[in-house]
Undergrad: 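Dumping the structure here so I can ask a few things about it.
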Number of protein chains: 2
Amino acid sequence: MRSSAEHEIHRAGLRVTAGRLALLEVLDRFPHSDAATLHRHLVETDASISIQSVHNVLSDLTAAGLLRRIEPANSAALFERRVGDNHHHIVCTSCGAVADVECVVGHAPCIAPSDTAGFTLATAEVTFWGLCAPCQKLHVVPTKEIHD
Amino acid sequence: MRSSAEHEIHRAGLRVTAGRLALLEVLDRFPHSDAATLHRHLVETDASISIQSVHNVLSDLTAAGLLRRIEPANSAALFERRVGDNHHHIVCTSCGAVADVECVVGHAPCIAPSDTAGFTLATAEVTFWGLCAPCQKLHVVPTKEIHD
DNA sequence: GCCTTATTTTTAGTCGTTCACGATAAATGC
DNA sequence: GCATTTATCGTGAACGACTAAAAATAAGGC
C-alpha cells in the first residue's frame, strides 16, 4: 500500500524519508499540533527523530506547500495538512484547543476592508476566540475580559 | 499640563510612574511597536529603563486595558493604545509594517462562522496580509506564494 | 515627611526556534 | 545491484523574546 503522502512529498521535489512520512501520518491524526507535540508522538510510536529535525521537516514541508502553519497569539506555531483552501480557526482561550472553521460569508466581505492604507491586499486571516466544549463544562473563566 | 495618560493610568488603579508615562507617549508616536523597539526609543529620548521593565509595563498596561496587544505570525508582540474598538490590522509580508484597518462589513458577518465545533464564540480577530506602499515600489516579491 | 507596598532593576532562566556542520541515506545513473 | 551525488538528519550551540525571583527603589496615602 503506497501512501498518498509518499506521492505528495515526491511530487513536491523532495526526498521521501521516514521522518517526513511519519510526521505527515502523525499530523493526520493530530492536526493543529506544535513541533514539540509532534515530536512527542513520533518518539512514542517508534521513529527516533530529533526535535530539530522535526522543525526542519515542518519548515521544508510548509515551504513546499504540503503543510500550513498557523501561529495563534500566546502559542507556538501549529501545523495542519489541510492546505489550499481559506478555512479559518477557532482557538479556546482557556486550553488552547484549535478547531477548523469554514468562513460562512465566503471570501469577498472579509477580504475587502474599506481602507487598506496603501497596502496591496493579498490574503485575509481570521482567528476566532472562544471556549471549547470541555472548558465550558468546567466552568472555566477565561483570563481575558470579554466585553461584548 | 496634565497628560491624559496620567489620568488613564491613575484611573486604572495603577501608580503613575515615569516609565509608564514615557512608554505611553512613545507608543503614541510609534503605534504597533514591539518591546525592543519601544525600549530603543525610550533610551534614545532620555528615560533609562530596562528592557525587562518595558515588558513589565507593557504587560501591566495591557492587563489594565490601556493597551492592546497583537501578535502577527512571524513577529514579536506589538502594542497599540487604540483599545475598545474592534479594528483590525494589515501586515506587510515583506517588511512587517502594520496599519490599522476598519472592518467595512461591521461586526456580524465576520463573527458568525457557520460551525464553531462546539466552541462558545467570544471574539473574532482579522489580520490582512499584503504589501505596503513602499515595498510595492521596490518591486519586492513576497516570499510566500499568492495563488488567487 | 513616613510608611507601606507597588514598581523597577538586576540577574537568571525558559521556551521555541534557527544555525552550522559533519554524518547519513535517498535517488539517479551506470 | 552498486557507486555517486547531494538532500536530509543528528548533534551541539546559539539566538530572540519573554518570564521569574529577589533585592532596591519610589508612589502615594496617611
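Protein chains get the first letters and strands the later ones, always in sequence-line order, with residue 1 at the start of each. Here the structure is a predicted model, which is why all the values come from computation and not from measurement.
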Undergrad: May I ask you to check whether Thr127(B) and Glu125(A) show a side-chain donor-acceptor distance below 3.5 Å?
TA: no
Undergrad: What nucleotide, of dC9(D), dT17(C), dT11(D), holds the atom closest to the side chain of Ser50(A)?
TA: dT11(D)
Undergrad: With the side chain of His10(A) defined as its heavy atoms from C-beta on, choose the nearest nucleotide among dT8(C), dG12(D), dA27(C).
TA: dA27(C)
Undergrad: Between Thr17(B) and dT7(C), is there a contact of a side-chain N or O with OP1 or OP2 at under 4.0 Å?
TA: no
Undergrad: Are His87(B) and Arg82(B) packed together at the side-chain level, in the sense that at least one heavy-atom pair is separated by less than 4.5 angstrom?
TA: yes
Undergrad: Give a yes or no answer on whether the side chain of Ser75(A) reaches the backbone of Glu71(A) with a donor-acceptor pair at less than 3.5 Å.
TA: no
Undergrad: Examine the base of dA7(D) for any acceptor or donor lying under 3.5 Å from a partner atom in the side chain of Arg15(A), and report the outcome as yes or no.
TA: yes
Undergrad: Given dC18(D), dG16(C), dG12(D), which nucleotide is nearest the side-chain atoms of Gln52(A)?
TA: dG12(D)
Undergrad: Would you mind reading off the distance between Leu21(A) atom CG and dT8(D) atom P, rounded to a whole angstrom?
TA: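 These atoms are roughly 13 Å apart.
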Undergrad: Among dA27(D), dT11(C), dC9(D), which nucleotide sits nearest the side chain of Ser53(A)?
TA: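 Selected nucleotide: dC9(D).
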Undergrad: Please classify the nucleic acid contact of Ala36(B) as base, sugar-phosphate, or nothing, using heavy-atom distances under 4.0 Å.
TA: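 The residue Ala36(B) makes no contact with any strand.
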Undergrad: By the 4.0 Å heavy-atom rule, please label Ser75(B) as base, sugar-phosphate, or nothing.
TA: nothing
Undergrad: Select base, sugar-phosphate, or nothing to describe what Ile51(A) touches, counting heavy atoms under 4.0 Å on all strands.
TA: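 No contact at all - Ile51(A) keeps every heavy atom at 4.0 Å or more from the nucleic acid.
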